[in-house]
S.K.: 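Right, I'll just put the structure down here and ask away after.
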Amino acid sequence: MQAQIVKSSYASFQYGAIRSDGKLFVTENEVSFEPFGKEFSLGPYNLSRQSIAKVEQCKGMAGGIIPITSDAIRITMLNNDTYEFILANPEQWIDCLSH
């Protein structure tokens, strides 16, 4: 049985200067990112919602150093791994992932 998607959107996963476009979606138990291309090995990612320490708004960066947008979120896991996504309506995502 497949888990029901609570929220989904196109998003860009950002790791330093590398970016990967794809789809971000949330189920009751997971946050998942499916990249459109696999050329940079950035995803797929499946993050347990129980392992999320915090979700906060952050800046999307060009080249990993120049802020280009405030429409981004950072997910920090309990083990201190972080995942940054550039997406529309970051406040809605923070609200969704905080519950």
Side-chain angles (χ1 to χ4, degrees):
M1 184 171 152
Q2 191 172 11
Q4 182 161 346
I5 295 174
V6 175
K7 186 168 184 61
S8 68
S9 177
Y10 295 112
S12 295
F13 173 74
Q14 187 165 302
Y15 184 76
I18 302 170
R19 196 175 94 193
S20 178
D21 295 328
K23 186 138 187 181
L24 184 67
F25 56 95
V26 177
T27 66
E28 185 177 319
N29 298 315
E30 284 188 331
V31 176
S32 299
F33 177 74
E34 291 288 335
F36 295 137
K38 310 282 191 227
E39 54 275 348
F40 297 116
S41 299
L42 295 176
Y45 295 109
N46 296 301
L47 312 174
S48 168
R49 289 185 69 178
Q50 291 182 337
S51 298
I52 294 175
K54 69 178 172 179
V55 182
E56 60 193 333
Q57 194 162 351
C58 66
K59 301 280 186 193
M61 308 293 259
I65 56 172
I66 301 168
I68 58 169
T69 182
S70 60
D71 287 344
I73 60 170
R74 178 181 301 117
I75 299 173
T76 303
M77 306 302 287
L78 293 174
N79 66 0
N80 288 323
D81 286 348
T82 59
Y83 299 85
E84 293 184 1
F85 299 95
I86 299 170
L87 41 66
N89 304 309
E91 300 87 0
Q92 292 177 11
W93 281 88
I94 293 167
D95 186 52
C96 176
L97 294 172
S98 297
H99 294 96

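Values reported hereafter were calculated over all heavy atoms of this structure, with side chains retained and with hydrogens, waters and symmetry mates removed.
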S.K.: What's the shortest heavy-atom distance between P90 and L87, and which atoms?
M.R.: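 Scanning both residues completely, I find the closest heavy atoms to be CA-CD1, 3.8 Å.
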S.K.: Are L78 and I73 joined in one hydrophobic group, where the rule is that I, L, V, M, F, W and Y side chains link up if heavy atoms are under 4.5 Å apart?
M.R.: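 Looking at the clustering, I73 is in a separate group from L78.
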S.K.: Can you list, pair by pair, the side-chain donor-acceptor contacts under 3.5 Å of residues 46-53, counting residues two or more places apart and other chains?
M.R.:
{"unit_1": "N46", "atom_1": "OD1", "unit_2": "S32", "atom_2": "OG", "d": "2.7"}
{"unit_1": "S48", "atom_1": "OG", "unit_2": "Q50", "atom_2": "N", "d": "3.3"}
{"unit_1": "R49", "atom_1": "NH1", "unit_2": "T27", "atom_2": "O", "d": "3.0"}
{"unit_1": "R49", "atom_1": "NH2", "unit_2": "C96", "atom_2": "O", "d": "2.9"}
{"unit_1": "R49", "atom_1": "NH2", "unit_2": "H99", "atom_2": "O", "d": "2.9"}

S.K.: If you define the side chain from C-beta out and look only at heavy atoms, does anything of S20 sit under 4.5 Å from S12?
M.R.: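 Of all side-chain heavy-atom pairs linking S12 with S20, none is under 4.5 Å.
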S.K.: If two hydrophobic side chains count as joined below 4.5 Å and joins carry through other members, does I86 share a cluster with Y10?
M.R.: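 I86 does not cluster with Y10.
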S.K.: Measuring only between side-chain heavy atoms, which start at C-beta, is E56 closer than 4.5 Å to T76?
M.R.: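 Result yes, sub-4.5 Å side-chain heavy-atom pair found.
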S.K.: Kindly indicate whether the side chain of L24, heavy atoms from C-beta on, has any atom under 4.5 Å from the side chain of W93.
M.R.: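 Yes, side chains in contact.
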S.K.: Between CD of Q57 and NZ of K59, what distance do you get to the nearest 0.5 Å?
M.R.: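 Result: 8.0 Å between the selected atoms.
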S.K.: State which residue, out of F33, F25, Y45, fulfils the ring pair (Phe, Tyr, Trp, His ring centres under 6.0 Å) condition with F85.
M.R.: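 Exactly one pass, corresponding to F33.
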S.K.: Which residue pairs pass the salt bridge (Lys or Arg N to Asp or Glu O under 4.0 Å) test with at least one member in residues 77-99, sequence neighbours excluded?
M.R.: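 Checked against salt bridge (Lys or Arg N to Asp or Glu O under 4.0 Å) - neighbours excluded - the pairs reaching residues 77-99 are R74-E84.
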